[in-house]
Amino acid sequence: MSPSPLVAHGLGKRFRREWGLRGLTLEIPQGAIVGLAGPNGAGKSTLLALATGLLAPTEGAISVLGRDPLRDPGVLSEIGYVPQGSPLYRSFSVADTIEYARRTNPLWDDEVATELLTRIDSKTKVGALSEGERARLALVLVLGKRPQLVLLDEPFASLDPLAGRELLQLLMDGVAETSATVVVASHVVADIERVCDHIVLLAGGGVCLEGNVEQLLESHRLLTGPRRPLGAVRGVREVVRERHSGRQLTLLTVVDGPIVDPSWTVEPVSLEELLLAYMAPERLPAPRTPEKVPLRWHG
Amino acid sequence: MLHVIEFHLDPRSGVATYLQIVQQVKEALRLGTIDVGDQLPTVREVVADLAINPNTVAKAYRDLEREGLVVARQGRGTFVASTLAPASLRHHDELRATLELWLESAATAGLDEESIRALISATLRESLARRVA
């Protein structure tokens, strides 16, 4: 198996007195499309800035494509990073912007860029593009580098659903073309649910859930039944969230076998529900990293 | 380019995306809408169309290949290798016509879509159970 394109060990970043991230250990599988989820302020942007060498770690280490982004900035030519808001030169035309990227990126691939950049007139000034077009242009600029690793920070934040879908199509098309590993930071699970096969959930500056999406969904079940004093339930390894409403009890659980007790209604969990349960401040479980999984091709 | 099959996704179904693709190919094979030699859309075409992970499409195609239903030809694409259409396929048109008549009378009797589905699946279940018994 290829080495992981992004590895962090005990990574921490302090801003004045506050830790933005602390004790973060992580290994992203090669070729995965990773959803980096978590509430605002969880440290998603900080992690991406550390991965691109824009910030220096206070403690611990991060390596991208097997290299240290601070000491070895050459690695940046193989990373495509789009910060929040897709900043571009507004007075440049689309063609100028592409030309600028071509001249500043040694690995620039005109063919990829031309093929992906459709339905945007190259004479238009960047400042006159719609939000969606600007986001697509920014993404084409990084895909044109044929990067091995693509890092996107809240790419859907300012887009309407249609523009968001178009951006996602462009991203997936680019991934099919370049086989890049992708990390998409988003606080809206629905935006990334469709594509990501691996999830990293940050909360309070650390990883609170990580793993292959399909395996996570397979190992969690929602149990509903009459309210009762809760002992051990056969088939349940861990209760992530417990909710009472009137006479009913709802448990979001990690299962390790069939639930035989017929008084429970057992249902699968959606990714959104799962992440919300792990994020919920009412009952935050201890940080855990599920078993290592066979990575790229899930299931 | 016009494709023999176009995939659609139901994100709320709870069925994994790759399985939905596998099921849709199998259903088309069963109904005879795609046949031996037909080319499935390329991974890139599906990805660009549905905005899904290319790994997911590749996985679905690999599953179909493992079952011997399709073959991947290097650099050319994925082609249907065998069919699931039963020999009874030639009766389908006639059966469909009878079914449509029945659906019309159900609608006239005031059944909505959900009641129709419920009635069909319950009847099917009972009839299968009787045949087994």
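Atom set for the values below is all heavy atoms of this structure, side chains included, hydrogens, waters and symmetry mates excluded. All figures in this text were calculated on a predicted structure; none of them were measured in a lab. So you know, we letter chains A, B, ... as the sequences are listed, proteins then strands, and number each from 1.
- Remark: side-chain polar atoms of Gln169(A) are not paired, donor with acceptor, to backbone N or O of Ala51(B) under 3.5 angstrom.
- Here the rule is side chain to side chain contact (heavy atoms under 4.5 Å, CB included) with Met172(A), and of Val47(B), Val46(B), Asp49(B) only Val47(B) fits it.
- Within 6.0 Å of CD in Glu27(B) there are 12 or fewer heavy atoms belonging to other residues, nucleotides or ligands.
- In terms of heavy-atom proximity, Pro54(B) sits nearest to Val175(A) at CG-CG1, 3.7 Å.
- Side chain of Arg194(A) to backbone of Asn53(B): no donor-acceptor contact under 3.5 angstrom is found.
- For residues 255-264 of chain A, a heavy-atom distance under 4.5 Å to chain B picks out no residue at all.
- For chain B, no part of Ile192(A) is nearby; none of its heavy atoms comes within less than 4.5 Å.
- Closest heavy-atom contact between Arg44(B) and Ala176(A): CG-CB, 3.4 Å.
- Scanning both residues, Asp197(A) and Asn55(B), for their nearest heavy atoms gives OD2-ND2, 3.3 Å.
- Against chain B, the residues from residues 140-167 of chain A that qualify, each with a non-hydrogen atom under 4.5 angstrom away, are Arg165(A) in number order.
- Taking OG1 of Thr17(B) as the reference point, atom CD of Glu193(A) lies at 9.0 Å (rounded to 0.5 Å).
- The environment of Asp93(B) atom CG is sparse: at most 12 non-hydrogen atoms of other residues, nucleotides or ligands sit within 6.0 angstrom.
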